[in-house]
Structures are given as structure tokens and as C-alpha cells.
Amino acid sequence: MKYFEDLAIGDTDEIGAFTFSAENIKRFATLYDPQPFHVDEAAAEASHFGGLVASGWQVAAVWMKLLVAHQEVEIIRARQLGKPVVKLGPSPGFRNMVWAKPVRAGDTLRYSVEITGKKESASRPEWGIVSMQSSALNQHGEQAFRFEGTVFWERRG
């Protein structure tokens with residue numbers, strides 16, 4: 001990963017893909033979002049979705065899992081190349097989370113993160129604050145999910 005100073009607005013990372021199956025949709029929803037159109041195929045058919053759809057929270061949780069895995073690969077790569085491991089701090093939060101298209105069993109989402117802004121932290125000079133647009137496109141190239149987020153990002157010492 002790059003230091004804050006090396007990031008450019010527009011930098012984009014593809015963080016991975018995930019295929020949603022009826023089984024993993026129902027398993028997640030049973031635990032965390034047990035609405036009928038997520039857990040029961042017959043009820044989902046009769047719903048306004050016309051079939052089983054993934055919980056938006058599952059779509060978001062998959063983004064988090066893929067982001068962490070992507071960051072772990074970047075850390076390993078930096079260590080192998082003898083480069084410093086850049087630290088990320090906490091996220092002050094997410095905004096404008098949108099589930100733009102239902103995610104159905106068999107859909108594969110490709111997730112990405114794009115740098116949309118950056119500023120130096122006034123109170124913590126060792127950190128910058130980076131704004132990002134995260135999104136997921138389905139196998140047809142249609143946006144299914146997006147949100148804006150921020151994260152503290154280590155500055156070059």
C-alpha cells in the first residue's frame with residue numbers, strides 16, 4: 001500500500017469478487033436479516049423482488065471481507081519487496097450507502113474502491129484522511145452496491 005502522500009484521486013483497487021448462492025444468501029439472512037425474501041424461496045417469489053435476493057447487509061459484509069483480504073495481500077507483498085507496511089487507522093464512517101440493484105442467487109459481484117478525496121489531519125499530523133467510493137458491479141456490469149467512506153491513512157514520517 002502507498003503512503004497518504006502517494007495516493008492520487010482516481011486511484012482504484014479491485015478488491016475481489018464473490019458469487020452469491022441460494023445457500024449462502026439464506027444462511028446469512030437466517031442469522032442477520034431474516035426477512036422472507038432472503039430466507040424463503042416461495043415467499044421471495046411472491047414478493048416485489050419476484051425471487052430470492054441477498055440481504056444488503058450481506059453485500060456490505062462481503063465488501064468488508066474482501067477489503068481485509070486485499071489489504072493482507074498488500075501487506076505480504078510489501079514485506080516481500082522490503083517496503084514499509086503502511087498503516088490504516090479507523091474509519092470515521094460511511095455515507096450514502098445504496099443497494100442499487102437486487103443481488104440474486106448466481107450473481108457475481110466485483111468490488112472496487114476508488115480514492116475520491118484526501119486531506120491532512122489537522123489534529124493528528126501523522127495521519128491523513130482519505131475519502132473513497134466503494135462499489136460492486138454484477139456480472140452484467142450493472143452497479144449493485146455503492147457507498148462513500150473515509151479512513152485515516154498513515155503519512156510518511
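Note that CD1 of I15 and NE2 of H70 are 7.0 Å apart. Values are rounded to the nearest 0.5 Å. Q71 contributes atom CD, which lies 11.0 Å from atom CG of L66 (distance to the nearest 0.5 angstrom). Here the straight-line distance linking atom CG of D13 with atom CD of E74 works out to 6.0 Å at 0.5 Å rounding. We find the CE-CZ distance between M1 and R77 to be 11.5 Å, quoted to the nearest 0.5 Å. Separating the CE atom in M132 from the OG1 atom in T116 is a distance of 8.0 Å, to the nearest 0.5 Å. Of the inter-residue distances, the one linking K26 atom NZ with S21 atom OG reads 9.0 Å to the nearest 0.5 angstrom.
M64 and F152 are not part of a single hydrophobic cluster, where members link through side-chain heavy atoms under 4.5 Å apart. V103 and W57 fall within the same hydrophobic cluster, defined by Ile, Leu, Val, Met, Phe, Trp and Tyr side-chain heavy atoms under 4.5 Å apart, directly or through other members. Taken together through direct or relayed side-chain contacts under 4.5 Å among Ile, Leu, Val, Met, Phe, Trp and Tyr, V98 and L137 form parts of separate hydrophobic clusters. Note on L67: it clusters hydrophobically with L88, by side-chain heavy-atom contacts below 4.5 Å among ILVMFWY residues. Grouping the Ile, Leu, Val, Met, Phe, Trp and Tyr side chains by contacts below 4.5 angstrom, directly or via other members, places I75 apart from V68.
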Under the ring-ring contact (aromatic ring centres under 6.0 Å, His included) criterion, do F37 and H48 qualify, and how do the steps go? CA-CA 9 Å; F37 43 81; H48 58 281; 5.8 Å; yes
Passes ring-ring contact (aromatic ring centres under 6.0 Å, His included), W63 versus F94? Steps please. CA-CA 13 Å; W63 170 85; F94 298 146; 5.6 Å; yes
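The heavy-atom pair separating A78 from P84 by the smallest distance is CB-O, 3.8 Å. The two residues N138 and K101 have their closest heavy-atom pair at ND2-CD, 4.0 Å. Of all heavy-atom pairs spanning Q139 and T108, the tightest one is OE1-N, 3.0 Å. Scanning both residues, A43 and P36, for their nearest heavy atoms gives CB-CB, 3.8 Å. Listed here is the closest heavy atom pair of R110 and A17: CG-CB, 4.1 Å. Between Q143 and S135, the closest heavy-atom pair is NE2-CB, 3.6 Å.
Using bins of under 30°, 30° to 60° and over 60° for the plane-to-plane angle, the ring pair F147/F145 lands in the tilted bin.
Using a 4.5 Å cut-off on side-chain heavy atoms (C-beta onward), T150 and V130 make no contact. Counting heavy atoms from C-beta on, the side chains of F20 and R104 never come closer than 4.5 Å. Inter-residue side-chain proximity for V59 and Y111 is flagged as met; some heavy-atom pair is nearer than 4.5 Å. Side-chain atoms of I25 and Q58, non-hydrogen and from C-beta on, do get closer than 4.5 Å to each other. Considering only heavy atoms from C-beta on, L7 comes within 4.5 Å of W153 through its side chain. Within the 4.5 Å cutoff, the side chain of F28 has heavy atoms near those of the S55 side chain. Side-chain contact between V85 and R79 is present, with heavy atoms from C-beta onward closer than 4.5 Å. Looking at heavy atoms from C-beta onward, E154 lies out of side-chain contact with F4 at the 4.5 angstrom threshold.
With respect to K2 and D11, a salt bridge is recorded, a charged nitrogen being found less than 4.0 Å from a carboxylate O. The pair D6-R156 meets the salt-bridge criterion, since a charged nitrogen lies less than 4.0 angstrom from a carboxylate oxygen. A salt bridge links E120 to R155: at least one charged side-chain nitrogen sits closer than 4.0 Å to a carboxylate oxygen.
A donor-acceptor pair is defined here as one N or O able to donate and one able to accept, closer than 3.5 Å; such a pair exists between the side chain of D40 and the backbone of A42. Checking side-chain atoms of H38 against main-chain N and O of T30 turns up no donor-acceptor pair under 3.5 Å. Without hydrogens or angle criteria, E14 side chain to S112 main chain gives no donor-acceptor distance under 3.5 Å. Although no hydrogens or angles enter the test, the distance criterion places no donor-acceptor pair under 3.5 Å between the side chain of S131 and the main chain of I129.
For the side-chain contact (heavy atoms from CB on, under 4.5 Å) with N96, the lone residue among R146, E148, Q133 that qualifies is E148.
Within a 6.0 Å sphere centred on CZ of F49, heavy atoms belonging to other residues, nucleotides or ligands number more than 12.
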